[in-house]
A.B. asks: 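Please find one structure pasted underneath; my questions will follow.
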2 protein chains.
Amino acid sequence: MINKPVTIYDIAKKLNLAPSTISRGLKRHSSVSHRTQERIIKTAEEMGYRANTFAINLRNRKTSTIGIIVPKLNSYFMSQVIAGIEGVVNNAGYTLLISQSLEDVSKEIINVQTMFDNRVAGLLVSLAENTKETSHFNRIQKQGIPVLFFDRTPMGNDLPAITINNESAGYKVTKHLIEQGAKRIVHITGNQLSNVYRERLAGYRRALQEFKLPFDTQNVLINDLSEQAGIDAAHSIIKLMADGVFVANDHCAASCMHELKHSGKKIPEDIVIAGFNNDMISRIVDPALTTVDYPGFQMGELAAKNLLAHIAERIDINLTSNIILKTPLLIRASSVRKI
Amino acid sequence: MINKPVTIYDIAKKLNLAPSTISRGLKRHSSVSHRTQERIIKTAEEMGYRANTFAINLRNRKTSTIGIIVPKLNSYFMSQVIAGIEGVVNNAGYTLLISQSLEDVSKEIINVQTMFDNRVAGLLVSLAENTKETSHFNRIQKQGIPVLFFDRTPMGNDLPAITINNESAGYKVTKHLIEQGAKRIVHITGNQLSNVYRERLAGYRRALQEFKLPFDTQNVLINDLSEQAGIDAAHSIIKLMADGVFVANDHCAASCMHELKHSGKKIPEDIVIAGFNNDMISRIVDPALTTVDYPGFQMGELAAKNLLAHIAERIDINLTSNIILKTPLLIRASSVRKI
DNA sequence: GAATAAAATGCAATCGATTGTAATAAATAA
DNA sequence: TTATTTATTACAATCGATTGCATTTTATTC
């Protein structure tokens, strides 16, 4: 047997009061006598009353929902970010509406509309790799809804974002590999439309230049950074006779290293290798993988806190300067040449 | 400058029509002339009209939102499940409201209320480890909202659920290790309030019994299955002089194996080891980890499809028999003794 | 006890979209 | 041309909670 949800009208009828009194009583408004407040709250409890969020949102013209749009949900890094966001947001009494663009702008555009339709109080976005411009966020921003980008952020315009310094991190990794004696370093990275991968490549180039090593486009392998891509890349690396590899994420780096070992290469003696993210896997592979610490959980928390602050204080989020997280290089066995 | 969202009243005023005509015209209701339909849709587009979801939900007394409650968002397995759910649900025009219980019933209870407050059309749940009974789902179920459990499901009562046969999987793993010559097998597992870990242990015991191996509570290590727990467990395993290890998840198994190797143990010569889940990590560690294939993505898809079918057809979900996914044993180098 | 102040409660409009029914306009038949 | 049917469009109530203002009840003062 299905019974309908209880409304303030049901409570009002039961207590012989006006709905408005119930509404005020439930939130302990001072204009309702204390005795009545207690009666209202008690019977509301008894009847199993739960406020209808839509009615509230409709009337108040705003929600307690935060939207998230990410390229892909199924990655360890992203699950960390989302867990961080959920913790903060939930604590503040907000709920989370989540969607993935599957690395496709057209779906991203639809997702933004859905978020708008649901009148989210704020939006956290990590862009799809083929998102070239961000005009699809214009309408939602014009409504005064703060939009905060993280990780994969828009290029050019200065929209508020939380990122790491990918260029500097790429530089640090490459420099380290060079210092360990690598002369021919292959860089495995992702779609160059994405700021993240473009900047890491830029850092890689800067380090090469600084140490007067030639830059060769052949040494830059662009793929989807998947497990399989790492295996394929390993074979290219051997053909290229490289002695160093800088991979733009740990999963791909781990599978690449695995394949290199199976092909008879010694790590780090023959080839030094480094990844990116400090995923769990980087600590467990053998040898442990040198990587860049990219704290997803903290990034999620920071992004959420920032967004909530803007919602609460009604400060225009576009006035915020970008936030850049520190990303220390974690040197492990995969890149340290025994002397 | 912030401009307010456009409503059907705005469109009505502009076109000198009644709001009801706009409402019908937008969905191409046959009672609105074709010419008017076009005019309405065109100006709606021009004015940037987007329907207010709350008004619709309030009026229709239902939503297009699916709720998810999971113990923890930050695990690779769960991110796979959620990605699977998101794909199906989004395709069907639904949105996803996500929350985590952080393995705590009290938060789970609050999350269920929030889901109810948001009048989700259906709810997908994986229980917190300390959830002993499920009465907090009663109210939402009484409202006719289908609740479907997955992975961590309630014990005892026959609520609809999608699971794997954990007992059988645990049995298969243990049997395999025994067949590889292991005589003293340690089982590392999680909180025994959770069906998942309890049943895997049961399977482990059944296999021991079948092969007339003694069951010793000392050999069952219960912890949080974390990376650190794996390291700690490795030392216990050495003390216990075990020659086989069955770990209830791959992450923990990988870190345990890593530590065992560092302590001088040869895998699989000295100790055979198997994990659970078929996470990416199981394929990359050296030696590759024997494990049970637990397809999170597919489970998510299946759960979502099932739930949507029940919402669409308005069939009482409690009439469904439980769905049990197949979980093949993937035998890899970590458990195969060279002859 | 009447007048006034203060406290408590009620009325009614509002948020934006939906939908049964009434009203009007257009088309057809007589 | 008038009557009748059919195609369009408008009206108004509804979903559930909120809130400014009016009204009623209670407390205080003279």
Side-chain angles (χ1 to χ4, degrees), chain A residues 2-41 43-44 47-65 93 116-121 143-144, chain B residues 2-41 43-44 47-65 93 116-121 143-144:
Chain A
I2 295 173
N3 36 19
K4 284 159 245 76
V6 179
T7 71
I8 55 168
Y9 296 90
D10 300 325
I11 303 175
K13 203 175 293 171
K14 187 158 204 165
L15 293 179
N16 253 314
L17 287 170
S20 51
T21 307
I22 307 298
S23 174
R24 291 188 174 102
L26 283 170
K27 44 178 68 99
R28 299 196 165 285
H29 192 282
S30 64
S31 73
V32 176
S33 75
H34 196 265
R35 218 181 74 80
T36 312
Q37 281 181 21
E38 294 305 328
R39 284 207 307 151
I40 290 173
I41 288 166
T43 46
M47 298 175 74
Y49 170 77
R50 291 254 97 203
N52 185 317
T53 317
F54 310 127
I56 298 173
N57 290 341
L58 177 58
R59 169 69 213 215
N60 294 344
R61 296 161 146 277
K62 67 171 187 195
T63 66
S64 305
T65 306
F116 176 78
D117 293 348
N118 284 281
R119 302 292 190 272
V120 291
Q143 306 283 340
Chain B
I2 295 172
N3 36 19
K4 286 160 245 74
V6 179
T7 72
I8 54 168
Y9 297 90
D10 299 326
I11 303 175
K13 203 176 295 170
K14 188 157 204 167
L15 293 179
N16 254 313
L17 287 169
S20 51
T21 305
I22 308 299
S23 173
R24 292 189 172 100
L26 283 170
K27 45 179 67 98
R28 298 197 164 286
H29 193 282
S30 64
S31 73
V32 175
S33 74
H34 195 265
R35 220 182 74 81
T36 313
Q37 280 183 21
E38 295 304 329
R39 283 207 308 150
I40 290 173
I41 287 166
T43 45
M47 297 174 76
Y49 170 77
R50 290 254 98 201
N52 184 318
T53 317
F54 310 128
I56 297 174
N57 290 341
L58 176 58
R59 170 69 212 217
N60 294 344
R61 296 161 144 277
K62 67 172 189 195
T63 66
S64 305
T65 305
F116 177 77
D117 293 348
N118 283 281
R119 302 292 191 273
V120 291
Q143 305 283 342

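Residue numbers begin at 1 in each chain, while the letters A, B, ... track the order of the sequences. Note that the structure is a prediction, hence the values are computed from the model and not measured.
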A.B. asks: Can you tell me which nucleotide in C:dA17, D:dT8, D:dG16 comes closest to the side chain of B:Leu58?
C.D. replies: D:dG16

A.B. asks: Between A:Lys62 and C:dC15, is there a side-chain N or O to OP1/OP2 distance below 4.0 Å?
C.D. replies: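 So the side-chain polar atoms of A:Lys62 never come under 4.0 Å of the phosphate oxygens OP1 or OP2 of C:dC15.
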
A.B. asks: Please give, in whole Å, the distance from D:dT14 P to A:Ile8 CD1?
C.D. replies: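 After rounding, the reported distance stands at 16 Å.
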
A.B. asks: Quick one, A:Gln143 and B:Pro5 - any side-chain contact, counting heavy atoms below 4.5 Å?
C.D. replies: yes

A.B. asks: In whole Å, what is the span from the CZ atom of A:Arg24 to the C1' atom of C:dT9?
C.D. replies: 9 Å

A.B. asks: In whole angstrom, what separates B:Tyr49's OH from C:dT18's C1'?
C.D. replies: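 Rounding to the nearest Å, OH of B:Tyr49 and C1' of C:dT18 are 11 Å apart.
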
A.B. asks: Among D:dT9, C:dT9, C:dC15, which is the nearest nucleotide to the side chain of A:Leu17?
C.D. replies: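 Of D:dT9, C:dT9, C:dC15, C:dT9 is nearest to the side chain of A:Leu17.
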
A.B. asks: How close or far is atom C1' of C:dA17 from atom NZ of B:Lys13, stated in whole angstroms?
C.D. replies: 16 Å

A.B. asks: With a cut-off of less than 4.0 Å, is there a side-chain N or O of B:Ser31 near OP1 or OP2 of D:dA7?
C.D. replies: no

A.B. asks: Measure distances between side-chain N and O atoms of B:Ser20 and base N and O atoms of D:dC11, and say whether any donor-acceptor pair falls under 3.5 Å.
C.D. replies: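 Indeed there is one.
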
A.B. asks: Using atom types as modelled and distance alone, determine if a side-chain donor or acceptor of B:Asn118 lies under 3.5 Å from a backbone N or O of B:Val120.
C.D. replies: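 Side chain of B:Asn118 to backbone of B:Val120, a donor-acceptor pair under 3.5 Å: no, none is there.
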
A.B. asks: Could you state the CZ-P distance from B:Arg35 to D:dA7, rounded to the nearest angstrom?
C.D. replies: 18 Å

A.B. asks: Check this one for me: any side-chain N or O of B:Arg50 less than 4.0 Å away from OP1 or OP2 of C:dG16?
C.D. replies: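 No, because none of the side-chain N or O atoms of B:Arg50 sits under 4.0 Å from OP1 or OP2 of C:dG16.
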
A.B. asks: Return whichever of A:Tyr9 or A:Ala18 has its heavy-atom-nearest nucleotide of DNA chain C closer to the 5' end.
C.D. replies: A:Ala18

